[in-house]
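Below, chains carry the letters A, B, ... as their sequence lines are ordered, and counting in each starts from 1.
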Amino acid sequence: MNNQELALLLRKIAAAYEIKKENRFKIIAYQKAADSIEHLTSEAKDLWDDNKLNEIPGIGPAIAGHLDELFRTGKVKHFEKIISDLPKAMFPLLSIPGFGAKRAYKLVTLLKLKNPETVISDLKQAAKKGIIAPIEGFGEKSQQAIIETIESFEKGQTKENRMTLPYADAIAQEIVDYLKKKKEVIRVDRLGSLRRMVATIGDIDIAVATKQFQEVIDWFLNFPKIKKIIERGEAGASVILKNGRQIDLRVQKPQAYGAMLQYFTGSKHHNIKLREVALKKGLSLSEYGIKKLKIKNEKLKIEEFNTEEAFYRAIGLSWIPPELREDQGEIEAAQEGRLPKLVRLKDIKGDFHSHSNFDLEPSHDLGVNSFTEMLEKAYQLGYQYFTFSDHNPSVSNHTNKQIIQIMKRRKAEIEQILLSKKNTQTRKILKKAFIALEIDILPDGKLALPEPAFEFIDFAVVAIHSSFRQSRQKMTERVLKGFSHPKVKILAHPIGRLLNEREGYELDWDKIFDFCKKHNKVLEINCHPARLDLPDVLVREAIKRGVKIALGTDSHSAEAMENIRYGLAMARRGWCEKDDILNTMDYNRVIKWIKLSERR
DNA sequence: GCCGTTTTCGGCCCGACTGTTTTCAGTCG
């Protein structure tokens, strides 16, 4: 049973307890345990194997005992007893927005819905027949809402639900630009998961500082691409755009904007932890500011904050960068003054992964721009160095001799461009670049490049591009074998995921990290928007183990080189400081690192 | 049921919105 399934099980138990009117803190405890397991960086089952279940926050002796029974026997008697007298059909409804335990229970009981397999569509049919509206606590509106919610839920099941970061970024930008046209808008910020730079975004959250709440909200609700208004209040509104994406707007006056920014940036877990910490100091936090609880029977006055810095300071913390706000130890670190000095965009001195349009006759895609065009862009980005890591020539279509010839020709062409004295009047290009290659690690762990051809590259980036379904052990052996060649320095897109499309393969990270540390190898954060691979949680594990990270845009065009900032976001979410990132090294230090002799 | 620089007992984040109510329950973030 994986973490996702475990979380679902624990939520099911929480829902059952809710119907049974158990102590509400017990219910919360189960929900917290579910959240906690969902956010783990390793499988709970693996932790159980190592006898470490009790190290999971929110899991105490009771739940740990139940999980132990689950992993040993495949079931939990106590859980089965709790849900035994509840209708099975209520549970699938819990995954539909707007349904909690009580509504789900009430509806399946009164409507006598028995089949968990079909309960969702059965409920929709019931709503369409009009037999939900007369039920106490429901009405025409909620009946209609049930139909609409289920219909969009059914659609959502078939297409991917979360946006990639740049996609969400672009939508947000459009709304930000629109809002800024209104003169009453003093300031606009994108917040929520977008501000925290999470790899995929559910809803887009926007905050506005203004003195005219209603006018700004009305202006927002007139945004031309809105399909439907979900809710509107005095301090904000939620809408669905024609493209199906949800936008939440919150407005606040400038002098209280700091608490609003903080609240609306989240994450939820960060905010909960923050409020718990504040409560121990007699402070109650909300999106409006901070109340002092110490004085009894006196009217509580809210202290307002115009900046987040002031808000955090009032709780005795230094300002926490949004990328860290996940309740992963950042609040404790802020209390103890040991927050990391996160790597910044201006620390980045080069890119370690790109594809030009030079035709090596590979079996993967070429880029669209020439070496010169890529170097021109690298110059514009202010880099010290760049890396060409085109795909290796396809093995099946060439003899070794042909491959060597192609590699030789490519090296000569790049060197000619880099060493040429002329041609700099018309266009400014970067003159320092590494001649690398992205080489496939074949299913048996061999590299897809004949040994003599290595002479024509400075170093290699390796990656898995085929046979994704090998076992964890076999995949680990395969990667380590490919990674072992002395000229191979970087493992590209290490988990192989494609966001919303492909999970990626399993690797034994203990072994990978140890290997990297021991042999001076580096893991890539691939900055391609659909990859963002390594993921943030593994980045953090890697640097804890002393493994260095390289940012590579995997650009197939000059324009895509700007994606570096999304990879950088993963690095920051993984707590990376400047020294953790290879790209912050000067050119000469990189040369030394790959043990290259100064060639140019 | 969990947890501990106010505690191993007695606390447990905070407020908004909707729909159905006439003071609130349910759900969400």
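Of the two residues contacting DNA chain B, namely A/Leu279 and A/His66, the nearest-nucleotide position lying further toward the 5' end is that of A/His66. Nearest-nucleotide assignment on DNA chain B puts the 5′-proximal partner with A/Pro61, out of A/Pro61 and A/Tyr263.
At distances below 3.5 Å, at least one donor-acceptor pair connects side-chain atoms of A/Ser267 with backbone N or O atoms of A/His270. Remark: the backbone N or O of A/Asp533 is not paired with any side-chain donor or acceptor of A/Arg497 at under 3.5 angstrom. Between the A/Arg245 side chain and the A/Ile204 main chain, no donor and acceptor come within less than 3.5 Å of each other. A donor-acceptor pair under 3.5 Å is formed between the side chain of A/Thr73 and the backbone N or O of A/Glu69.
Of the P atoms belonging to B/dT7 and B/dC12, the separation is 15 Å, rounded to the nearest Å. For the P atom pair drawn from B/dG11 and B/dT6, the interatomic distance equals 16 Å after rounding to whole Å. When the C1' atom is used for both B/dG4 and B/dT8, the distance is 8 Å, rounded to whole Å. B/dT22 sits 15 Å from B/dG26 when the P atoms are compared, rounded to a whole Å. Taking atom P on both B/dC13 and B/dC3, the two are 13 Å apart, rounded to the nearest angstrom. The gap from the C1' atom of B/dT20 to that of B/dA25 amounts to 9 Å, rounded to the nearest Å.
Between A/Lys268 and A/Asp35 there is no salt bridge, since no side-chain N of the basic residue sits under 4.0 Å from a carboxylate O of the acidic one. Classification of A/Lys106 and A/Glu136 as a salt-bridged pair fails, no side-chain N sitting under 4.0 Å from a carboxylate O. With respect to A/Asp177 and A/Lys181, no salt bridge is recorded, no charged nitrogen being found less than 4.0 Å from a carboxylate O.
OP1 and OP2 of B/dT6 both lie 4.0 Å or more from every side-chain N or O belonging to A/Lys280. Distances shorter than 4.0 Å separate some side-chain N or O of A/Ser284 from OP1 or OP2 on B/dC14.
Between the CZ atom of A/Arg250 and the P atom of B/dC17 there is a distance of 6 Å, rounded to whole Å. Atom C1' of nucleotide B/dC14 and atom CD1 of A/Ile315 are separated by 13 Å, given to the nearest angstrom. For the pair A/Glu332 CD and B/dT5 P, the computed distance is 11 Å after rounding to whole Å. Atom CD1 in A/Ile247 sits about 14 Å away from atom P in B/dG29, given to the nearest Å. For the pair A/Glu276 CD and B/dG11 C1', the computed distance is 11 Å after rounding to whole Å. Distance CD1 (A/Ile59) to P (B/dG1): 12 Å, rounded to an integer number of Å. Between A/Lys106 atom NZ and B/dT20 atom C1' there is a gap of 10 Å when expressed in whole angstrom units. Rounded to an integer number of Å, the gap from A/Phe264 CZ to B/dA16 C1' is 11 Å.
Contact check of residues 129-141 of chain A against DNA chain B (heavy atom, cut-off under 4.0 Å) returns A/Gly137, A/Phe138, A/Gly139, A/Glu140, A/Lys141. DNA chain B is contacted by A/Tyr17, A/Asn23, A/Phe25, A/Lys26, A/Ala29, A/Tyr30 of residues 16-36 of chain A, taking any non-hydrogen atom closer than 4.0 Å.
Considering only the side chain of A/Ile63, B/dC2 comes nearest among B/dC13, B/dC2, B/dG26. In the set B/dC2, B/dT20, B/dA16, B/dT20 carries the atom at the smallest distance from any side-chain atom of A/Ser142. In the set B/dG15, B/dG1, B/dC13, B/dG1 carries the atom at the smallest distance from any side-chain atom of A/Ala62. When distances are taken from the side chain of A/Asp203 to each of B/dG29, B/dT27, B/dA16, the shortest belongs to B/dG29.
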- Check step by step if side chain to side chain donor-acceptor pair (under 3.5 Å) holds for A/Gln4 and A/Glu38. CA-CA 6 Å; A/Gln4 205 62 44; A/Glu38 210 162 34; 2.9 Å; yes
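Between A/Trp319 and A/Phe311, the gap from one ring centroid to the other reaches at least 6.0 Å.
Here the rule is salt bridge (Lys or Arg N to Asp or Glu O under 4.0 Å) with A/Arg190, and of A/Asp203, A/Asp169, A/Asp205, A/Asp248 only A/Asp169 fits it.
Counted by atom type alone, A/Tyr288 and A/Glu304 present zero donor-acceptor pairs between their side chains at under 3.5 Å.
For B/dT8, there is no paired base (Watson-Crick or G-U wobble, both distances below 3.5 Å).
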